[in-house]
Amino acid sequence: MKDSHKATWLKRKKLGRSRYLIMFGIVPWGIGAALLTTLLEYISFQSINSAWIPIRLIVFAFIGFFVANGRWVAMEHHFEAPAPRRP
């Protein structure tokens, strides 16, 4: 990996894990995927069932949380030295 990737990761790590999960997981995945599926519903059926919007937001926010959490863990393992092992 390039040094720019490491610099980007260190900058994002300074945000903290909670804020990282919100900014790079919950918000973009939750809102983005909910908007996309609502748009696809409107294109397909020419109507929107408003009962599904909060359900989509919750489900996709959970998905975004797990995606961002997995990314956080992967970047920690990739860019940081392993912790010393106990004998």
Side-chain angles (χ1 to χ4, degrees):
M1 283 269 158
K2 297 180 183 178
D3 288 333
S4 64
H5 293 277
K6 186 172 184 176
T8 302
W9 164 243
L10 293 174
K11 184 176 165 186
R12 289 181 180 172
K13 187 176 180 191
K14 286 181 184 177
L15 293 172
R17 188 179 196 138
S18 298
R19 192 165 174 151
Y20 177 85
L21 292 174
I22 292 168
M23 290 179 59
F24 294 98
I26 295 171
V27 172
W29 279 86
I31 294 173
L35 286 174
L36 180 65
T37 54
T38 302
L39 179 66
L40 291 173
E41 177 187 14
Y42 183 74
I43 291 170
S44 299
F45 303 113
Q46 282 76 38
S47 67
I48 296 174
N49 187 349
S50 60
W52 281 100
I53 294 173
I55 296 169
R56 289 179 183 139
L57 286 170
I58 292 168
V59 169
F60 290 126
F62 272 112
I63 292 170
F65 170 83
F66 289 113
V67 168
N69 191 48
R71 184 93 173 131
W72 176 276
V73 170
M75 291 295 109
E76 276 187 332
H77 288 293
H78 186 78
F79 288 119
E80 295 179 16
R85 298 184 75 182
R86 293 179 63 163

Heavy-atom pair with the smallest gap, counting every atom of Gly25 and Ala68: CA-CB, 3.6 Å
Close side-chain approach of Arg71 and Phe24, heavy atoms under 4.5 Å: no
Shared hydrophobic cluster, Val27 / Leu35 (ILVMFWY, side-chain heavy atoms < 4.5 Å): yes
Same apolar cluster (I L V M F W Y, side chains within < 4.5 Å links), Leu36/Ile53: no
Same apolar cluster: Val59 and Ile31, side chain cutoff 4.5 Å: no
Euclidean distance, Leu39 CG relative to Ile48 CD1, rounded to 0.5 Å: 8.0 Å
Sidechain-backbone polar pair: Thr37 side chain, Ala34 backbone, donor-acceptor under 3.5 Å: yes
NE2 on His5 to OG1 on Thr8, rounded to 0.5 Å: 7.5 Å
From CG (Asn49) to CD1 (Ile55), nearest 0.5 Å: 8.5 Å
Mutual orientation of the aromatic rings belonging to Tyr20 and Trp9 [parallel < 30°, tilted 30-60°, perpendicular > 60°]: perpendicular
Worked verdict on Met75 versus Arg12 for side chain to side chain contact (heavy atoms under 4.5 Å, CB included): CA-CA 10 Å; Met75 291 295 109; Arg12 289 181 180 172; over 6 Å; no
More than 12 heavy atoms from other groups under 6.0 Å of CZ on Arg17: yes
Single-linkage hydrophobic cluster, 4.5 Å side-chain cutoff, Ile58 and Ile63 together: no
Cluster overlap Leu10 with Trp72, hydrophobic side-chain contacts below 4.5 Å: yes
Separation of Trp29 CH2 from Phe65 CZ (nearest 0.5 Å): 14.5 Å
CZ-CD1 distance between Phe62 and Ile26, expressed to the nearest 0.5 angstrom: 8.5 Å
Rounded distance [0.5 Å steps], CD in Glu41 versus CD in Gln46: 11.0 Å
